[in-house]
Amino acid sequence: MHFTSERRLDDGTLEREFTLGEIPGTLWTPRSDVPVPLVLMAHNNGLPKSQSRLVARGRTTAAHGYAVATIDAAGCGDRPRSAAEEQARADLRRALQAGEPVDDIFESLIGPLVEKAVPDWRTTLDALLELPGIGGPVGYSGWTALGIRLAAEDSRIAAAGFFAGGFVPRAQREEARQITVPLLFLLQWDDEGNPRQRALDLFDAFGSKEKTLHANLGGHTGTPWFEVEDGGRFYDRHLK
């Protein structure tokens with residue numbers, strides 16, 4: 001892992017950009033005399049790590065006493081995209097404009113993104129846990145489809161906060177039954193792109209004995225900011 005820049009924020013959090021092979025990432029760490037737990041933070045459906053709401057979530061979570069990392073995994077953010085991914089995105093835009101069904105297109109786009117992203121996240125997790133000042137346990141926050149696969153494959157994930165707004169492929173809907181870690185699931189009740197019943201069915205499918213659903217009125221991008229604060233308390237219960 002090679003750090004390419006760093007700056008100290010007003011609250012004392014250290015914000016560093018890094019590269020790990022071809023993987024670019026950002027790491028926020030609070031001032032602390034002891035190793036702190038780690039939260040992996042991913043944006044829904046592979047949007048860039050520089051997205052303003054993700055950066056704000058990362059900084060706020062770090063201020064709660066966590067190391068927080070986000071990356072642009074393969075096919076995500078500014079990483080190169082395959083011809084198949086570009087075609088799927090073009091097909092998606094066309095279908096949305098025409099008011100046509102989009103589930104099959106999402107399946108062809110998001111499924112491969114998850115398959116490619118998980119190895120990059122696990123490689124990053126390996127490297128982060130070797131850094132001084134970062135210990136376990138490990139939490140996850142964000143993109144549901146990726147988080148399901150990551151938690152199913154990597155036992156180091158001890159708690160997860162999922163955003164219900166992203167499309168979840170059939171494979172991950174099945175894998176949801178394998179997820180047993182404590183879970184916080186955020187649902188926007190009026191999300192125009194994610195049928196409410198599908199999200200409720202997914203919540204029901206998770207195998208966790210401790211799982212909490214927070215539903216708020218509003219559309220896809222309307223998740224209230226206080227949910228970030230509630231998320232901090234969720235991680236406090238399970239990672240500290």
Side-chain angles (χ1 to χ4, degrees), residues 22-26 40-58 70-121 124 140-153 160-176 179 185-203 205-206 215-223 227:
E22 297 181 351
I23 306 168
T26 305
L40 306 178
M41 190 165 287
H43 201 297
N44 272 0
N45 297 346
L47 290 174
K49 66 181 181 64
S50 59
Q51 206 275 343
S52 59
R53 284 180 66 87
L54 185 146
V55 170
R57 283 169 45 216
T70 186
I71 65 170
D72 282 342
C76 302
D78 295 328
R79 297 280 297 278
R81 297 173 178 176
S82 69
E85 289 166 352
E86 289 294 271
Q87 184 60 56
R89 293 179 190 276
D91 291 344
L92 179 61
R93 289 191 293 269
R94 178 194 56 75
L96 288 171
Q97 291 172 355
E100 298 173 355
V102 294
D103 276 10
D104 287 344
I105 301 173
F106 266 126
E107 189 79 34
S108 68
L109 173 63
I110 304 304
L113 274 181
V114 169
E115 295 292 338
K116 292 194 299 184
V118 166
D120 280 359
W121 277 97
T124 302
Y140 174 89
S141 173
W143 182 10
T144 300
L146 171 67
I148 291 172
R149 172 59 62 84
L150 194 59
E153 290 191 1
F162 291 152
F163 287 71
F167 179 84
V168 178
R170 287 185 289 270
Q172 277 68 65
R173 282 179 246 162
E174 288 298 319
E175 286 175 328
I179 305 305
F185 196 56
L186 302 183
L187 170 63
Q188 285 302 104
W189 203 243
D190 308 299
D191 192 335
E192 61 278 7
N194 188 42
R196 183 186 305 164
Q197 191 58 53
R198 178 184 293 171
L200 294 173
D201 290 344
L202 179 62
F203 177 75
F206 286 115
N216 291 283
L217 296 178
H220 183 72
T221 59
T223 303
E227 290 291 2

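Note that the coordinates shown come from a computational prediction; the quantities given were computed from them, not determined experimentally.
With rounding to the nearest 0.5 Å, the separation of NZ in Lys49 from CD1 in Ile23 is 12.0 Å. Considering CD of Glu115 and CG of Leu146, their distance stands at 10.5 Å, rounded to 0.5 Å. Taken to the nearest 0.5 Å, the CG atom of Leu96 stands 6.0 Å off from the CZ atom of Phe106. One finds the CG atom of Leu109 at 12.5 Å from the CG atom of Asp104 (value rounded to the nearest 0.5 Å).
Residues Tyr140 and Trp143 approach most closely at OH-O, 2.6 Å, considering heavy atoms. Pairing each heavy atom of Ala152 with each of Ile179, the nearest pair is N-CD1, 3.7 Å. Residues Leu113 and Cys76 approach most closely at CD2-SG, 4.3 Å, considering heavy atoms. Closest approach of Ala145 to Ile110, counting heavy atoms only: CB-CG2, 4.3 Å. Here the closest heavy-atom approach between residue Ala95 and residue Ile105 is recorded as CB-CD1, 3.7 Å. Pairing each heavy atom of Ile148 with each of Ala176, the nearest pair is CG2-N, 3.9 Å.
For the pair Val55 and Thr26, the minimum side-chain heavy-atom distance is 4.5 Å or more. Annotation: side chain of Leu150 is in contact with side chain of Leu40 (closest heavy-atom distance under 4.5 Å). Using a 4.5 Å heavy-atom threshold, the side chains of Asp103 and Arg198 count as touching. The side-chain heavy atoms of Arg196 and Asp190, taken from C-beta on, include a pair separated by under 4.5 Å.
Listed for the Asp72 side chain is no donor-acceptor partner under 3.5 Å among the backbone atoms of Arg79. Put simply, the side chain of Ser141 never gets that close to the backbone of Met41: no donor and acceptor are under 3.5 Å apart.
By the side chain to side chain contact (heavy atoms under 4.5 Å, CB included) test, Asp191 pairs with Gln188, Asn194, His220, sequence neighbours left out. Partners of Lys116 according to the side chain to side chain donor-acceptor pair (under 3.5 Å) rule, which considers only residues two or more places apart in sequence or in another chain, are Glu85. Judged as a side chain to side chain contact (heavy atoms under 4.5 Å, CB included), and not counting sequence neighbours, the contacts of Ala56 are Trp225. Here Glu86 pairs with Arg81, Arg89 under the side chain to side chain contact (heavy atoms under 4.5 Å, CB included) rule; sequence neighbours left out. Looking at residues two or more places apart in sequence or on another chain, you find a side chain to side chain contact (heavy atoms under 4.5 Å, CB included) between Gln197 and Leu200, Asp201.
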### Task
Take Thr70 and Arg57, measure what side chain to side chain contact (heavy atoms under 4.5 Å, CB included) needs, and give me the verdict at the end.
CA-CA 11 Å; Thr70 186; Arg57 283 169 45 216; over 6 Å; no

Side-chain donor/acceptor pairs under 3.5 Å, residues 160-173, sequence neighbours excluded:
from	atom 1	to	atom 2	distance (Å)
Gln172	NE2	Glu175	OE1	3.0
Arg173	NE	Val168	O	2.8
Arg173	NH2	Val168	O	3.1

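For Glu22, the CD atom counts as loosely surrounded, since its 6.0 Å shell holds 12 or fewer non-hydrogen atoms of other residues, nucleotides or ligands.
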